Structures are given as structure tokens and as C-alpha cells.
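Have a look at the structure below before the remarks.
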Amino acid sequence: MQDLNSLKTELIDAVGAADGSEALETLRVEALGKKGRITALMKGLGGMEPEERKAAGQALNALKTEIADAIDARKQALGASELEARLLEERIDVTLPTRPETQGRIHPISQTIDEVVAILGEMGLSVAEGPDIEDDWHNFTALNIPPDHPARQEHDTFYLPGEHDGERMVLRTHTSPVQIRTMQNGEPPFRVIAPGRTYRCDYDATHSPMFHQVEGLVVDEGTHMGHLKGCLIEFCRAFFGVDDLPVRFRPSYFPFTEPSAEVDIGCTREGGQFRIGHGDDWLEILGCGMVNPKVLENCGIDSSKYQGFAFGMGIERLAMLKYGISDLRTFYESDLRWLRHYGFSALDAPSVVGGLNR
Ligand code: DAH
């Protein structure tokens with residue numbers, strides 16, 4: 001048998017000289033692997049006399065442990081220095097100024113959603129989500145729009161083929177079904193906003209088959225119309241950046257709210273010039289109301305204990321009014337020149353404190 005001492009010296013020297021974890025691994029396989037040198041010596045034990053085998057076995061085991069330990073120790077040392085080298089190599093200077101040539105712009109739809117979320121988030125509402133493909137029950141029935149209700153026709157619904165769990169599937173025609181999902185999946189109180197895509201079969205300068213809405217829902221004990229008005233007046237003034245913006249609540253009808261209202265903001269159209277916040281003309285911007293008790297009950301909420309208000313508005317419309325965009329279709333044309341003109345810097349994240357009206 002090879003002199004174990006010289007083998008040990010040779011291997012320990014090699015471990016010390018290994019300059020990376022790969023070299024170390026090769027070394028480990030050569031010494032301790034299935035066909036490794038120490039393993040081969042161990043296999044030779046079988047042919048020895050009992051006395052000789054005992055002594056040689058002990059010596060080999062000791063060698064095996066010693067080499068394994070040396071490899072482990074070297075591995076740790078190498079790991080630390082390899083990590084250090086990588087950190088050094090991948091180091092970035094976070095104090096460098098941003099590149100002035102950055103071209104990416106935030107789309108006005110995203111910007112407007114961020115603004116709405118910033119304002120209502122500050123009031124304590126958090127973002128909720130629901131699927132774009134809804135079932136008939138969530139999109140209509142639970143919202144007190146029964147099968148033969150005229151509101152269904154107004155929605156110009158895209159129905160999907162087939163059924164799911166006995167329900168017809170639709171591309172959601174509004175974000176209101178997120179109210180239903182929120183109430184079904186939690187316990188009151190609720191304070192949520194749900195921005196998202198919505199779909200209706202309609203296409204012209206003011207309608208697109210895919211558009212965006214944001215829904216709001218607040219449900220608690222003792223929630224009343226005063227809360228609704230306070231929340232929405234404050235929202236309109238913050239969003240349009242006009243502190244004394246006139247806001248009017250006009251009686252209206254929605255199946256899911258009772259009473260219902262439409263909200264108008266003051267504007268002027270004098271001399272073909274449209275301006276928000278001045279003059280004595282009005283412009284409708286959103287729908288709202290006190291959640292119909294039937295809707296609460298459809299979601300298993302005790303309407304004698306809880307009341308709520310809800311609202312819904314079109315994101316494109318808000319963006320068009322605020323940023324002076326005249327044709328809805330341009331939002332979806334992916335025209336870079338348009339985006340450079342109407343888009344927003346990625347670093348200008350809207351916030352109530354930092355500013356919403358750049
Ligand atoms: N879902 C309505 C629509 O798409 C908008 C709306 C009106 C939502 C009143 C509401 C509400 O939550 O209370 O036209």
C-alpha cells in the first residue's frame with residue numbers, strides 16, 4: 001500500500017493550492033469519490049489479514065476524515081473570497097445621477113390610476129382586484145341587475161362561449177363585480193378601490209371595446225351619504241388640483257345603489273375653450289350611491305347593521321379631461337411620438353405630498 005503519509009501530504013498540498021470551488025470539487029472526486037484514490041485503498045482492505053486490516057482501516061479512515069475536513073475548510077475560505085470578488089465586480093454606484101437620455105414614459109392611463117390610488121389611498125382605501133373574465137352572477141345578478149333588466153342591454157356585453165359552473169361567462173363590463181368579490185371574501189368594514197380593465201362592444205372617438213374604470217367601496221356601521229359626499233368632493237378637488245372646484249351631486253339611477261347620484265364638476269366652455277373649475281357649466285365625471293341593501297345581502301352582509309357607499313368612474317375620461325387628450329383611440333395606438341408628448345417621467349411617481357398635477 002502506498003505510504004499514507006506521502007499521500008496525505010500530497011493531497012493536503014493540493015487542497016491548499018486549489019484556487020476555486022471547481023478545482024476543489026475535482027480534487028474531492030479524485031480523492032474521495034467512487035473511483036477516488038482513498039476509496040480504492042479502502043476497497044483493498046478486503047484482501048488483507050484481519051490484524052493488518054484493522055490497523056490499515058483505522059489509518060485510512062483517519063486520512064479520509066482529515067482530507068474531507070481540509071476540503072471543507074478550503075471550500076469555506078474560497079467561498080468567502082469568491083463572494084467578495086463577485087460583490088466587488090458587480091458593484092454599482094447608487095449615487096450616480098440618472099441618465100438624461102432615458103426615454104421610457106409612463107402611459108397616461110397608468111399615471112391616472114396611480115394618481116387616483118394615491119389620493120384615495122391617503123384616505124384609507126386599499127387596492128383590490130378581480131378577474132377580467134367574470135361570471136354572469138358577479139357582473140350582473142349579485143349587483144341587483146336581474147336577467148331581464150334593461151341595464152344589461154346598455155352594457156353591450158361580450159359573452160364568452162360555454163358556461164362555467166352553470167354561469168355564463170363575460171368580459172366584465174365594469175369594475176363593480178370587484179365589490180361583490182371583496183364583500184364575499186372578507187368581513188366588514190371594507191375600504192377598497194379597484195382599478196382595472198373593462199370591456200364593452202362599442203367603438204368610436206369616445207368609446208373603446210377595452211377601457212379602464214376604478215371602483216370604490218366603503219362599508220361600515222353607520223356609513224352615510226355625508227361620507228360619500230366628503231370623500232368624492234375631496235377626491236375631485238385633489239385630482240384636478242383645484243381647491244374650490246364646484247362639485248354637484250345629481251340624482252340618478254343604478255341598480256346596485258340606492259339612492260344613486262352622478263357627480264358633475266364645474267367647468268366653462270366659453271369661446272370654444274374648455275376649462276375645469278371655472279364658469280357655470282357642468283361636466284359629469286362619475287357615478288355613485290349608497291350600496292343597495294340587496295347587494296349587501298347578496299354577499300351575506302347584514303344590511304341592518306352595515307351600510308356602505310360605492311362609486312365608479314372611467315379612467316380614460318379622467319385622463320382626457322385632466323391632460324387635454326381629445327381622442328380616446330389614441331390611448332391604444334402605441335404611437336411613440338404621442339407617448340413622448342403625453343407620457344410621464346418614471347421618476348415622477350404621483351403622491352398627495354409630492355404632487356399630483358405636474
Ligand atoms: N358600474 C357603473 C358603470 O359602469 C359605474 C358605477 C356607478 C359604479 C355607481 C358604482 C356606482 O359603484 O355606485 O357605469
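This is a predicted model, so every value here is computed, not measured. Only this structure's heavy atoms are used, side chains among them; waters, hydrogens and symmetry mates stay out. Order of appearance sets the numbers: ligands from 1, and atoms from 1 within every ligand. Positions are given from 1, in the same order as the sequence printed here.
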Exercise for the section: Just jot down the ligand 1 atoms closer than 4.0 angstrom to any heavy atom of T257, in number order. Expected result: 13 (O)
Problem - Non-neighbouring partners of E25 that pass side chain to side chain donor-acceptor pair (under 3.5 Å), sequence neighbours left out - result: R28
Practice task
In plain terms, say whether R200 and D202 are close enough for a salt bridge, that is, a side-chain N and a carboxylate O under 4.0 Å apart.
Solution key: no
Problem - Closest protein heavy atom to atom 2 (C) of ligand 1, given as residue, atom name and distance to 0.1 Å - result: F256 CZ, 3.8 Å
Problem - Sidechain N-carboxylate O distance under 4.0 Å for R248, E262 - result: no
Fill in the blank from the handout: atom 12 (O) of ligand 1: closest protein heavy atom, distance to 0.1 Å, is E215 OE2, 2.6 Å
Practice task
Output the list of atoms in ligand 1 that are nearer than 4.0 Å to some heavy atom of S176, sorted by atom number.
Solution key: 1 (N), 8 (C)
Exercise for the section: Measure the distance from atom 5 (C) of ligand 1 to every protein heavy atom, then report the residue, atom name and distance (to 0.1 Å) of the closest one. Expected result: G312 CA, 4.1 Å
Practice task
Only counting residues at least two apart or in another chain, list the ones meeting side chain to side chain donor-acceptor pair (under 3.5 Å) with D302.
Solution key: S304
Practice task
Within a distance under 4.0 Å of any heavy atom of Q213, pick out the atoms of ligand 1 and give their elements.
Solution key: 3 (C), 4 (O)
Practice task
Could you tell me which atoms of ligand 1, counted from 1 in the order shown, lie closer than 4.0 angstrom to a heavy atom of G289?
Solution key: 13 (O)
Practice task
Tell me which one of R200, Q179, M313 gets a heavy atom nearest to atom 3 (C) of ligand 1.
Solution key: R200
Exercise for the section: Mark yes or no: R168 above the aromatic ring of F140, with NZ or CZ under 6.0 Å from the six-membered ring centre and no more than 45 degrees from the axis. Expected result: no
Problem - Residues, nucleotides or ligands: over 12 heavy atoms within 6.0 Å of I133 CD1 - result: no
Exercise for the section: Could you tell me whether R197 and D132 make a salt bridge, using a distance below 4.0 angstrom between a side-chain N and a carboxylate O? Expected result: no
Exercise for the section: Give yes or no for whether the N/O distance cutoff of 3.5 Å, strictly under, is met between A310 and ligand 1. Expected result: yes
